[in-house]
Amino acid sequence: MSQRLQGIEEFVAAVEAGSFALAAQRLHVTRSAVAKSIARLEARLGTRLFLRTTRSQSLTEEGHGYYERCRRALGELDAAEAMTDAARCTATGVVRLSMPAMLGRLKVGPLLLALARRHPGLSLELSFNDRRVDLVEEGLDLAIRSGGLPDTADLVARPVGVQWMVLCAAPAYLAAHERPASVAELAASSSHEAVFYARDGQISPWRFHDAEGRLVEVVLPSRLRCDSAEVLLEAAIGGMGLSRLPAWLAAEALASGTLVRVFEEPRPFGFELNVIRHKSRYLPHKTRVVIDWLAEHLPPLLAAR
């Protein structure tokens with residue numbers, strides 16, 4: 001690498017990430033390596049680029065001007081790389097991806113294994129968990145998320161399907177409780193209990209469209225609240241209460257009769273599923289291949305209503 005380019009990528013990453021530590025995670029190096037690269041860059045330029053304290057960092061006047069020019073220069077380099085990258089017919093390199101645990105094991109994981117077989121040069125690091133991850137802090141390229149996304153200009157999202165929801169219960173539970181015939185009856189009921197998805201102790205209310213197409217939220221008494229879709233499925237099959245589950249997850253139990261739909265909904269309700277990435281100057285070919293594959297092959301696997 002030309003000496004003139006040394007430290008520039010670290011400098012730009014530190015400005016855009018807001019700290020040396022986050023820049024290090026984004027570049028997959030140590031914080032010390034970023035700090036040393038920027039120190040050498042400042043020494044070579046003979047000027048201070050950052051004003052640093054133990055609590056914060058900010059650009060000097062010279063740093064602001066240098067950043068804008070470096071950002072444009074790196075943008076041109078990225079565009080050149082993207083042009084040659086896109087010309088490859090196979091994907092190479094590592095893609096790090098986080099996804100909801102049950103969805104990942106049953107649907108996304110098998111899809112990505114099939115993709116890896118098509119691209120021998122592609123390596124995958126997959127994380128299966130239901131918590132909200134920070135792409136930059138955890139060094140991830142992509143994450144799959146269900147439902148609403150944070151209002152931020154730092155993320156780019158691409159839809160990869162809809163998780164249609166079904167209200168279901170075990171036949172034995174319904175035999176012991178008066179069966180509601182509609183959303184209105186369910187909301188007015190005082191005789192039912194539910195098993196609820198909850199994250200960090202916060203219950204996610206059930207959402208329905210009523211006969212007029214209006215959005216209705218329902219919360220019932222509950223003895224079980226957890227952030228595992230697998231446990232909610234088993235609890236519903238075990239007769240612990242009504243459950244609002246993704247249709248793809250409940251499909252096998254509904255087909256076998258261990259769960260039944262409580263009532264037919266006038267209009268299905270679903271949560272959009274997105275694959276998100278951090279906004280960058282260009283999208284590497286390896287990452288684009290993963291996103292395109294999921295966008296093409298995942299929606300049909302979630303299509304059951």
Side-chain angles (χ1 to χ4, degrees), residues 99-104 106-108 129-132 143-152 155 157-170 173-174 177-237 240-251 253-254 259-276 298-299 301-305:
M99 69 200 78
M102 195 71 170
L103 176 69
L106 294 183
K107 301 296 182 181
V108 180
N129 63 78
D130 289 323
R131 63 184 177 82
R132 295 276 177 163
I144 295 177
R145 289 187 181 171
S146 178
L149 296 173
D151 185 15
T152 173
L155 298 176
R158 180 165 174 189
V160 289
V162 177
Q163 292 201 96
W164 300 104
M165 307 301 290
V166 295
L167 182 67
C168 50
Y173 174 87
L174 291 177
H177 298 78
E178 185 177 354
R179 186 171 184 165
S182 66
V183 176
E185 286 189 18
L186 176 68
S189 171
S190 60
S191 62
H192 285 284
E193 60 180 329
V195 291
F196 272 110
Y197 186 87
R199 182 186 289 122
D200 300 326
Q202 298 296 313
I203 288 176
S204 296
W206 292 343
R207 295 180 179 180
F208 300 86
H209 293 293
D210 66 13
E212 285 73 41
R214 294 169 300 197
L215 187 64
V216 177
E217 291 191 345
V218 176
V219 176
L220 299 177
S222 173
R223 291 189 296 127
L224 176 66
R225 298 168 291 277
C226 70
D227 61 0
S228 168
E230 186 173 11
V231 172
L232 294 181
L233 174 64
E234 291 303 318
I237 292 173
M240 287 193 65
L242 304 177
S243 186
R244 188 78 162 143
L245 297 171
W248 62 264
L249 178 60
L254 290 171
L259 287 178
V260 296
R261 289 177 182 262
V262 177
F263 52 74
E264 291 298 325
E265 299 177 31
R267 176 182 163 193
F269 176 84
F271 293 98
E272 188 173 78
L273 204 64
N274 290 279
V275 58
I276 64 168
L298 188 54
L301 301 182
L302 307 176
R305 298 188 186 185

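All values below come from the heavy atoms of this structure, side chains included, with hydrogens, waters and symmetry mates left out.
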Nearest heavy-atom pair of [X] and [Y]: which atoms, and what distance?
| X | Y | result |
| --- | --- | --- |
| D130 | Y197 | CB-OH, 3.5 Å |
| R267 | G213 | NH1-O, 3.6 Å |
| V166 | A247 | CG1-CB, 3.9 Å |
| I237 | A253 | CD1-CB, 4.1 Å |
| A157 | I276 | CB-CG2, 3.8 Å |

Side chains of S146 and Q163: do they bring a donor and an acceptor to under 3.5 Å?
->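 Side-chain D/A pair, S146 to Q163: present.
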Sequence neighbours excluded, which residues qualify as ring-ring contact (aromatic ring centres under 6.0 Å, His included) partners of W206?
->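 Listed in chain order: F196.
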Excluding sequence neighbours, so at least two apart, what forms ring-ring contact (aromatic ring centres under 6.0 Å, His included) with H177?
-> Y173, H192
Is there side-chain contact between [X] and [Y], with heavy atoms separated by less than 4.5 Å?
| X | Y | answer |
| --- | --- | --- |
| L249 | L232 | no |
| N274 | R158 | no |
| F208 | V218 | yes |
| V275 | L298 | no |
| L103 | L302 | yes |
| L301 | L106 | no |
| K107 | I144 | no |

Step by step, work out the salt bridge (Lys or Arg N to Asp or Glu O under 4.0 Å) result for E217 and R244.
-> CA-CA 12 Å; E217 291 191 345; R244 188 78 162 143; over 6 Å; no
